[in-house]
Amino acid sequence: MSDALKHECGIAVIRLLKPLEFYKEKYGSAFYGVNKMYLMMEKQHNRGQDGAGFASIKLNTKPGERYISRVRSVQQQPIQDIFAQINERINKELTEHPEYADDVQLQKRHIPYIGEVLLGHVRYGTFGKNSVESVHPFLRQNNWMHRNLIMAGNFNMTNVKELFKNLVDLGQHPKEYTDTITIMEKIGHFLDDAVSKIYKNIKKEGYNKMEASPLIAERLNVAKILKRAAKNWDGGYAMAGLIGHGDSFVLRDPAGIRPAYYYKDDEVVVIASERPVIQTVFNVEYKDVKELAPGHAIITKKSGDTKIKKILEPLERKACSFERIYFSRGSDAEIYQERKMLGKLLMPKVLDAINKDTKNTVFSYIPNTAETSFYGMVETVEDFLNEKKTAAILKGNYKLSAEKVTQILSERPRIEKIAIKDAKLRTFITEDSSRDDLVAHVYDITYGVIKPTDNLVIIDDSIVRGTTLKKSIIKMLDRLHPKKIVVVSSAPQIRYPDCYGIDMANLEGLVAFRAALELLKDINKYSIIEDIYKKCKNQEDLEDVDVQNFVKEVYAPFTDEQISDKIAVLLSDDDVKAEVKIIFQSVENLHKACPKHLGDWYFTGDYPTNGGNRVVNRAFINFYEGNKERAY
């Protein structure tokens with residue numbers, strides 16, 4: 001609960017389909033694309049606050065004119081920092097050259113960042129790296145316009161080692177061992193190859209080198225390049241790329257793990273990680289924003305021609321359910337309803353936990369992502385009370401006094417704002433020696449609304465590590481002296497690491513895993529841990545397709561309720577006086593609430609790609625051997 005989960009990132013692509021003069025005439029500025037990109041990145045800041053980057057390409061520039069611009073930042077507010085730099089540079093040029101003010105062509109020629117093709121990216125730092133060199137977009141430079149490649153993505157690859165080796169076997173010397181560099185160089189290799197082949201054919205047709213350039217741009221088959229490059233990728237991804245002459249693309253993984261949405265009209269092509277971002281920034285209807293199909297790419301040529309192409313054969317759809325529970329903005333029409341349903345589906349368990357004593361129960365949530373699920377939960381409490389009121393009135397056989405009827409009707413859910421987060425405090429929690437005391441004060445509480453006879457029900461979106469819950473929230477709630485504290489998670493128990501874009505790399509960090517280990521000790525079966533280790537080690541040299549997830553055996557002896565009860569014990573110190581109950585969503589109800597997003601590997605261990613099983617077994621080997629390395 002309220003442990004910071006870090007999501008890889010969000011992407012935004014804008015392709016302006018009209019000349020810049022059009023936007024100056026219609027919207028009052030040739031900087032229309034830059035302004036829209038700022039809004040799209042800001043509307044996706046929930047997806048990454050450690051770093052941000054922006055790149056643009058100008059179409060049809062003359063030799064010697066700069067046509068690629070890029071700026072990246074890891075400042076505390078990186079999006080604002082990027083656009084402050086952009087605005088400062090633009091304003092400087094306009095001040096020093098007043099003649100640019102009403103001349104769009106002079107602006108395009110001399111002012112950086114103005115362009116027809118724009119790419120934005122926001123990220124959280126993973127692998128312990130958050131230098132500006134780790135921030136997307138990445139740039140692969142070449143004197144040939146067609147071989148320049150700019151890339152940014154929302155992704156993790158499970159088979160980076162294999163992909164890196166493939167590049168070395170091709171004779172390349174990648175400058176870094178990261179999935180971003182590896183993927184960019186893979187695409188770059190086939191881009192170089194395609195450009196060379198087209199150029200040879202054009203020469204045979206009798207064209208000179210100057211005449212070849214526009215023909216290369218016209219004939220370059222981006223879909224074919226992506227098919228060749230992505231053939232052996234294993235992971236979750238929404239990959240965005242710009243090619244120097246002006247082609248652009250976004251490719252989504254075959255299982256649809258990472259999200260991508262697009263919108264097109266006669267002025268723009270827009271792609272983003274979230275649908276409501278496009279709706280809001282471009283003021284378009286829900287129905288006009290489409291989801292990019294798994295395994296497909298949206299490709300816009302320099303000419304403006306835009307097509308959806310199947311690049312990889314789609315797998316069983318396993319779109320990430322955590323997007324719906326937690327990461328994506330709750331303003332999406334579908335996500336809002338899904339989160340409310342998550343809250344509703346939890347209520348039968350909650351009512352059982354409080355013995356249906358709603359009169360002596362206060363309902364609340366930990367800000368802010370759980371608020372929508374809280375609304376769904378409260379609606380279900382209201383339905384329960386309405387049934388209770390109706391039964392009481394009917395039982396009176398028309399003999400109840402007006403006062404008694406009023407008394408019956410007056411019962412309603414007790415809803416209070418219990419916890420208020422001090423947003424700035426976490427910034428200073430860095431040293432282990434001082435963290436515990438600081439964590440305990442991350443939230444303030446509302447005094448005077450809880451009686452000693454009350455149950456206190458608190459909902460949040462997920463419980464991952466349990467650190468903040470143990471060191472802060474339960475102790476804080478206990479200071480209100482409730483009879484019972486019921487902590488509710490709208491997500492199921494997180495049992496397995498993620499390897500497709502969410503920063504959950506280690507098993508021992510997951511409180512559900514620790515609870516299962518304690519339960520194995522309780523029943524004298526901890527020895528199976530060594531057996532599982534041996535099974536995982538025996539698979540190290542197998543092909544990914546043959547690897548099984550043996551970590552499931554850790555949880556197999558126990559019911560969900562047994563693990564939940566043990567988690568409650570682990571997260572309650574001896575000085576907590578209230579009874580503590582922890583309730584998790586069931587996987588079945590998660591699927592009911594989010595029927596289009598069945599990616600549940602965090603909870604079930606059913607990984608959507610072959611590489612996932614290898615990663616989870618590697619995570620277990622690391623745990624057993626005391627190795628703190630990441631599993632991917």
Does [Y] offer a backbone N or O that forms a donor-acceptor pair with the side chain of [X] under 3.5 Å?
X: Arg140; Y: Glu185; value: no
X: Arg275; Y: Val289; value: yes
X: Asn506; Y: Gly509; value: no
X: Asn91; Y: Asn87; value: yes
X: Tyr23; Y: Lys18; value: yes
X: Asn154; Y: Gly10; value: no
X: Arg252; Y: Arg258; value: yes
X: Ser321; Y: His597; value: no
X: Glu116; Y: Leu16; value: no
X: Glu338; Y: Arg324; value: no

Would you kindly say whether [X] and [Y] are connected by a side-chain donor-acceptor distance under 3.5 Å?
X: His245; Y: Ser213; answer: no
X: Gln75; Y: Ser73; answer: no
X: Tyr67; Y: Asn148; answer: yes
X: Asp81; Y: Gln77; answer: no

Between [Y] and [X], is the closest basic N to carboxylate O distance under 4.0 Å?
X: Glu334; Y: Lys596; value: yes
X: Arg228; Y: Asp193; value: yes
X: Arg72; Y: Glu133; value: no

Is it the case that over 12 heavy atoms from other parts of the model lie below 6.0 angstrom from the [atom1] atom of [X]?
X: Lys24; atom1: NZ; result: yes
X: Glu88; atom1: CD; result: no
X: Glu25; atom1: CD; result: no
X: Glu285; atom1: CD; result: no
X: Asp305; atom1: CG; result: yes
X: Lys302; atom1: NZ; result: yes
X: Glu316; atom1: CD; result: no

[X] to [Y] - nearest heavy-atom pair and separation:
X: Val281; Y: Lys36; answer: O-NZ, 2.7 Å
X: Asp461; Y: Ile325; answer: O-CG2, 3.6 Å
X: Glu323; Y: Ile335; answer: O-CD1, 4.5 Å
X: Ile82; Y: Ala52; answer: CD1-O, 2.9 Å
X: Ala240; Y: Leu119; answer: CB-CD1, 3.7 Å
X: Ile278; Y: Tyr263; answer: CG2-CB, 3.6 Å

So do the side chains of [X] and [Y] get within less than 4.5 Å of each other, counting heavy atoms only?
X: His121; Y: Cys9; result: yes
X: Leu191; Y: Leu220; result: yes
X: Asn46; Y: Arg329; result: yes
X: Met184; Y: Leu149; result: yes
X: Arg89; Y: Pro112; result: yes

Step-by-step salt bridge (Lys or Arg N to Asp or Glu O under 4.0 Å) determination, Glu274 to Arg47: CA-CA 10 Å; Glu274 300 194 27; Arg47 305 185 69 85; 2.8 Å; yes

Find the distance between [atom1] ([X]) and [atom2] ([Y]) and round it off to the nearest 0.5 Å.
X: Asp253; Y: Asn156; atom1: CG; atom2: CG; answer: 11.5 Å
X: Lys287; Y: Gln279; atom1: NZ; atom2: CD; answer: 10.5 Å
X: Gln105; Y: His110; atom1: CD; atom2: NE2; answer: 10.0 Å
X: Leu215; Y: Ile198; atom1: CG; atom2: CD1; answer: 10.0 Å
X: Leu118; Y: Asn35; atom1: CG; atom2: CG; answer: 10.5 Å
X: Ser273; Y: Leu292; atom1: OG; atom2: CG; answer: 11.0 Å

Quick one: salt bridge (Lys or Arg N to Asp or Glu O under 4.0 Å) partners of Glu629, sequence neighbours excluded? none

For Tyr113 together with Phe31, are the ring centres under 6.0 Å from each other?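 Here the rings of Tyr113 and Phe31 have centres that are no less than 6.0 Å from each other.
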
Test Lys318 against Tyr607 for side chain to side chain contact (heavy atoms under 4.5 Å, CB included), laying out the working first. CA-CA 9 Å; Lys318 290 290 183 180; Tyr607 287 88; over 6 Å; no

Check the pair Lys26 / Glu267 against side chain to side chain contact (heavy atoms under 4.5 Å, CB included), numbers first and verdict last. CA-CA 11 Å; Lys26 184 171 181 178; Glu267 295 181 11; 2.5 Å; yes

Audit row: Ile494, Phe322, side chain to side chain contact (heavy atoms under 4.5 Å, CB included) steps and yes/no: CA-CA 11 Å; Ile494 299 169; Phe322 244 121; 3.4 Å; yes

Between His136 and Phe138, what is the ring plane arrangement, given parallel below 30°, perpendicular above 60°, and tilted in between?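 Perpendicular.
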
Give me the ring orientation class for Phe83 and Tyr38: parallel if the planes are under 30° apart, tilted from 30 to 60°, perpendicular past 60°.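 The arrangement is perpendicular - the two ring planes meet at more than 60°.
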
side-chain hydrogen bond (donor to acceptor under 3.5 Å, both in side chains), that's the test. Do Ser196 and Arg147 meet it? Break it down for me. CA-CA 10 Å; Ser196 295; Arg147 293 183 177 182; 2.5 Å; yes

Mind running salt bridge (Lys or Arg N to Asp or Glu O under 4.0 Å) on Lys301 and Asp247 for me, showing each step along the way? CA-CA 4 Å; Lys301 292 290 291 175; Asp247 289 358; 2.7 Å; yes

According to the ring pair (Phe, Tyr, Trp, His ring centres under 6.0 Å) rule, which pairs have a member within residues 264-300, sequence neighbours left out?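 Pairs touching residues 264-300 that pass the test: none.
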
Report the C-alpha distance between Val270 and Tyr262 in whole Å, list the side-chain angles of each, state the deciding distance to 0.1 Å, and finish with yes or no for side chain to side chain contact (heavy atoms under 4.5 Å, CB included). CA-CA 5 Å; Val270 187; Tyr262 68 92; over 6 Å; no

Among Phe155, Tyr602, Trp601, Tyr237, which one satisfies side chain to side chain contact (heavy atoms under 4.5 Å, CB included) with Tyr500?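 The passing option is Trp601.
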
